Engineer: 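My questions all concern the structure below.
These figures come from a predicted structure and were not determined experimentally.
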Amino acid sequence: KMLKLADSWVWDSWYAFDGEYHHAFYLRASRALGNPDRRHRNPYIGHAISKDLKNWEVLADAVAISESPAFDSWTTWTGSVVRDDDGLWWMFYTGTSREDGGDIQTVGAATSSDLMTWNKLSSEALVKADPQWYELLSPGFWHDQAWRDPWVFRTDDGLWHMYVTARANEGERFERGVVGHATSSDLRSWTVQPPLSETNSGFGQTEVFQVAVVDGVPTLLWCCGWRELSEESLEKYGAGGMFSVTGDSVLGPWDLSKATRFPHPSIYAARVVEHEGEWFMLGFRDMEDDKFVGELTDPIPVTSIPGVGLVPKQ
C-alpha cells in the first residue's frame, strides 16, 4: 500500500537502498494538530521500508528534535542519506532552533550502522549559510534564512558535494533561489562554495534538490510553490510544483530559468528513485480541492530528456 498514515500527515521524503529494501525517510506530524500548516513546526522523521516502492511497512521513527540548546531543538526537516566507505550510513538533515526563533536553517547529521538507529553527530550545525554568497535572515524581505534540504552525493574524484536550498545575497526578491553548494572530503568538515546557478532563475526558492543521472542524463530536480515563483515564472508554468533541468554533469552547469514543470496536479518535494533499472518519481500529494492531502504518491515511471528534464515515461 502507498505510504498513507492514519495518525499523521506525511510530506517531504528521501530514500536509501540497502541492497534488498528501499528505505523511505519522511517528515510526519500528527493529524491531531488539526491545521496542516502546523505540521512544519511539529515534525518527526519517520521511516518505512519496501521492496517494490509500492507496499510500505512503517517502522519506528528515525530522528526527533534535540533538547535545547541545539541546531535542531525546534525542528528536524528534510535531508538525504549516503553511505561512506566504511559502510556507515549518514543522514544529513535540516535543523531549526528554539534559541534563535526558528527562522534560521542549518544542516547537521546523524549516523547509523543499520538505517534503523540513528546517532546525532553533534548538537552544533555542520554547515550554515555563508554571507559571502548567500542571503541571511532579512525580516520584511524574505521569511527565512534558507539553508535546508541537503542533498549529498559523491563525484568520481572522491569529493562529497552537498546541494542546499538557498538564496543568493543579491537580485530581485523572487529571483534569488539558487543551488547552494558545499564540499567535503570526509563528510564531517564542510566548505561552503559559491552557488551553482545564477540569480535570474524565476524562483524565489528552490526546495528539496536532488541530482541523479536518470537514463544517462544528469538531471536536477526541485520544487517551488506558486507563491514563491516570479510573476514571469507563474505565467510561464501556470502553477508551482516539481521542476527539473538537465546539465552536462552532476555538477551542472545548471540554468534554472530553463526548467520544465512536471505534469501532476499536486506532487511536491518529490524524489526520483531507481528500482530494477527503471526510474520512478515519488513525492507527497499537497493541496487537492483546497485540502492538504499529506500522503505519498505511488511511484510514477519517469525518464529524463537532454535539454528538457524529467517527463512521465510512456
Engineer: Report yes if some heavy atom in the side chain of Ile267 is under 4.5 Å from a heavy atom in the side chain of Ile300; otherwise report no.
Structural biologist: yes
Engineer: Would you say the side-chain atoms of Thr106 pair up with the backbone N or O of Val127, donor to acceptor, closer than 3.5 Å?
Structural biologist: no
Engineer: If you look at every heavy atom in Ile305 and Val217, which pair is closest and at what distance?
Structural biologist: C-CG1, 4.4 Å
Engineer: Tell me whether Arg271 contacts the main-chain N or O of Phe209 through its side chain, where contact means a donor paired with an acceptor under 3.5 Å.
Structural biologist: yes
Engineer: With sequence neighbours left out, write down each residue that passes side-chain hydrogen bond (donor to acceptor under 3.5 Å, both in side chains) with Ser68, or none if nothing qualifies.
Structural biologist: Glu99
Engineer: Find out whether Val245 and Trp222 are in side-chain contact, i.e. whether some heavy atom of one side chain is under 4.5 Å from a heavy atom of the other.
Structural biologist: yes
Engineer: Under a 4.5 Å cut-off applied to non-hydrogen side-chain atoms, are Thr111 and Leu121 in contact?
Structural biologist: yes
Engineer: Is any side-chain heavy atom of Val63 closer than 4.5 Å to one of Tyr44?
Structural biologist: no
Engineer: Testing the basics here: between Phe262 and Val311, what is the closest heavy-atom pair and its distance to 0.1 Å?
Structural biologist: CE1-C, 3.7 Å
Engineer: Please collect all salt bridge (charged side-chain N to carboxylate O under 4.0 Å, His left out) contacts where either partner lies in residues 66-88, sequence neighbours excluded, each pair once.
Structural biologist: Asp72-Lys120, Asp85-Arg154
Engineer: Would you say Val273 and Met281 are hydrophobically clustered, going by side-chain heavy atoms of ILVMFWY under 4.5 Å?
Structural biologist: no
Engineer: I want to check something: taking the side chain as every heavy atom from C-beta on, are Ser201 and Ser257 in contact at a cut-off of under 4.5 Å?
Structural biologist: no
Engineer: Given side chains that start at C-beta, do those of Met287 and Val293 come closer than 4.5 Å, heavy atoms only?
Structural biologist: no
Engineer: Is it the case that the side chain of Trp118 and the backbone of Leu115 share a donor-acceptor pair, with hydrogens and angles ignored and the cut-off at 3.5 Å?
Structural biologist: yes
Engineer: How would you list, by chain and number, every residue that makes a side-chain contact (heavy atoms from CB on, under 4.5 Å) with Ala129, sequence neighbours excluded?
Structural biologist: Tyr134, Leu136, Gln145, Trp147
Engineer: Is the backbone of Phe141 close enough, under 3.5 Å, to the side chain of Ser138 for a donor and an acceptor to pair up by distance?
Structural biologist: no
Engineer: Mind checking what makes side-chain contact (heavy atoms from CB on, under 4.5 Å) contact with Asp290, not counting sequence neighbours?
Structural biologist: none
Engineer: Could you give the distance from CD1 (Ile65) to CD1 (Ile45), rounded to the nearest 0.5 Å?
Structural biologist: 11.5 Å
Engineer: Please confirm whether Tyr93 and Phe71 have ring centers closer than 6.0 angstrom.
Structural biologist: yes
Engineer: Consider only side-chain N and O atoms of Thr117 and Asn119, and report whether a donor and an acceptor are under 3.5 Å apart.
Structural biologist: no
Engineer: Which side-chain hydrogen bond (donor to acceptor under 3.5 Å, both in side chains) pairs, counting each pair once, include a residue from residues 272-288, with sequence neighbours left out?
Structural biologist: His22-His275, Ser266-Glu288, Glu278-Lys313, Arg285-Glu288, Arg285-Glu295
Engineer: Would you kindly confirm whether Val192 and Val164 end up in one hydrophobic cluster when ILVMFWY residues are joined by side chain heavy atoms under 4.5 Å apart?
Structural biologist: yes
Engineer: Any side-chain heavy atom of Leu220 within less than 4.5 Å of one from Val179?
Structural biologist: yes
Engineer: Minimum heavy-atom separation for Trp56 to Ala24, with atom names?
Structural biologist: CZ3-CB, 3.5 Å
Engineer: How about CG on Asp156, more than 12 heavy atoms from neighbouring residues, nucleotides or ligands closer than 6.0 Å, or not?
Structural biologist: no
Engineer: Trp9 and Leu3: same hydrophobic cluster, using ILVMFWY side-chain contacts below 4.5 Å?
Structural biologist: yes
Engineer: Is there side-chain contact between Met116 and His47, with heavy atoms separated by less than 4.5 Å?
Structural biologist: yes
Engineer: Hey, does the side chain of Ser80 reach the backbone of Pro150 with a donor-acceptor pair shorter than 3.5 angstrom?
Structural biologist: yes
Engineer: Between Asn42 (side chain) and Arg38 (backbone), is there a donor-acceptor pair under 3.5 Å?
Structural biologist: yes
Engineer: For Phe292 together with Trp11, are the ring centres under 6.0 Å from each other?
Structural biologist: no
Engineer: So, the side chain of Thr219 versus the backbone of Gly309: is there a donor-acceptor pair under 3.5 Å, distance only?
Structural biologist: no
Engineer: Looking at every non-hydrogen atom in both residues, tell me the closest pair between Leu88 and Ser113 and how far apart they are.
Structural biologist: CD1-N, 4.1 Å
Engineer: If you look at every heavy atom in Ser197 and Gly177, which pair is closest and at what distance?
Structural biologist: OG-O, 4.5 Å
Engineer: Following the transitive rule for hydrophobic clusters with a side-chain heavy-atom cut-off under 4.5 Å over Ile, Leu, Val, Met, Phe, Trp and Tyr, establish whether Leu126 and Phe153 coincide in one cluster.
Structural biologist: no
Engineer: Pairs in or reaching into residues 207-216: which pass salt bridge (charged side-chain N to carboxylate O under 4.0 Å, His left out), with residues at least two apart or in two chains?
Structural biologist: Arg148-Glu207
Engineer: Mind jotting down which residue pairs meet the salt bridge (charged side-chain N to carboxylate O under 4.0 Å, His left out) criterion with at least one end in residues 227-256? Sequence neighbours excluded, please.
Structural biologist: Asp255-Lys258
Engineer: Do side-chain atoms of Trp77 reach the backbone of His40 as a donor and acceptor pair under 3.5 angstrom?
Structural biologist: yes
Engineer: Of all heavy-atom pairs between Cys224 and Phe243, which one has the smallest distance, and what is that distance?
Structural biologist: O-CE1, 3.7 Å
Engineer: Does Leu310 offer a backbone N or O that forms a donor-acceptor pair with the side chain of Ser244 under 3.5 Å?
Structural biologist: yes
Engineer: Donor-acceptor pair, Thr246 side chain versus Pro218 backbone, under 3.5 Å?
Structural biologist: no
Engineer: Does Phe280 share a hydrophobic cluster with Phe284, counting links as ILVMFWY side-chain heavy atoms below 4.5 Å and allowing steps through other members?
Structural biologist: yes
Engineer: Are Phe92 and Trp190 close enough that their ring centers fall under 6.0 Å?
Structural biologist: yes
Engineer: Taking distance alone, no hydrogens or angles, what donor-acceptor pairs closer than 3.5 Å link side-chain atoms of residues 25-36 to residues at least two apart or in another chain?
Structural biologist:
| unit_1 | atom_1 | unit_2 | atom_2 | d |
| --- | --- | --- | --- | --- |
| Arg28 | NE | Asp61 | OD1 | 3.1 |
| Arg28 | NE | Asp61 | OD2 | 3.3 |
| Arg28 | NH1 | Ser8 | OG | 2.9 |
| Arg28 | NH2 | Asp61 | OD2 | 2.8 |
| Ser30 | OG | Ala32 | N | 3.0 |
| Arg31 | NE | Leu5 | O | 3.0 |
| Arg31 | NE | Ala6 | O | 3.4 |
| Arg31 | NE | Ser8 | O | 3.2 |
| Arg31 | NH2 | Leu5 | O | 3.1 |
| Arg31 | NH2 | Ser8 | O | 3.4 |
| Asn35 | OD1 | Asp37 | N | 2.9 |

Engineer: With Thr183, which residues qualify under side-chain contact (heavy atoms from CB on, under 4.5 Å), at least two apart?
Structural biologist: Leu159, His161, His181, Thr191, Gln193
Engineer: Trp254: what forms a side-chain hydrogen bond (donor to acceptor under 3.5 Å, both in side chains) with it, not counting sequence neighbours?
Structural biologist: Tyr163
Engineer: Sequence neighbours left out, cut at 3.5 Å: what donor-acceptor pairs do the side chains of residues 165-172 make with other protein atoms?
Structural biologist:
| unit_1 | atom_1 | unit_2 | atom_2 | d |
| --- | --- | --- | --- | --- |
| Thr165 | OG1 | Asp149 | OD2 | 2.9 |
| Thr165 | OG1 | Thr206 | O | 2.8 |
| Thr165 | OG1 | Val208 | N | 3.2 |
| Arg167 | NE | Glu135 | OE1 | 3.3 |
| Arg167 | NE | Glu135 | OE2 | 2.9 |
| Arg167 | NH1 | Arg173 | O | 2.9 |
| Arg167 | NH1 | Gly204 | O | 2.8 |
| Arg167 | NH2 | Glu135 | OE1 | 3.0 |
| Arg167 | NH2 | Arg173 | O | 3.2 |
| Asn169 | ND2 | Pro131 | O | 2.8 |
| Asn169 | ND2 | Gln132 | O | 3.2 |

Engineer: Test of understanding: with side-chain contact (heavy atoms from CB on, under 4.5 Å), list the residues that count as partners of Val213, not counting sequence neighbours.
Structural biologist: Val250
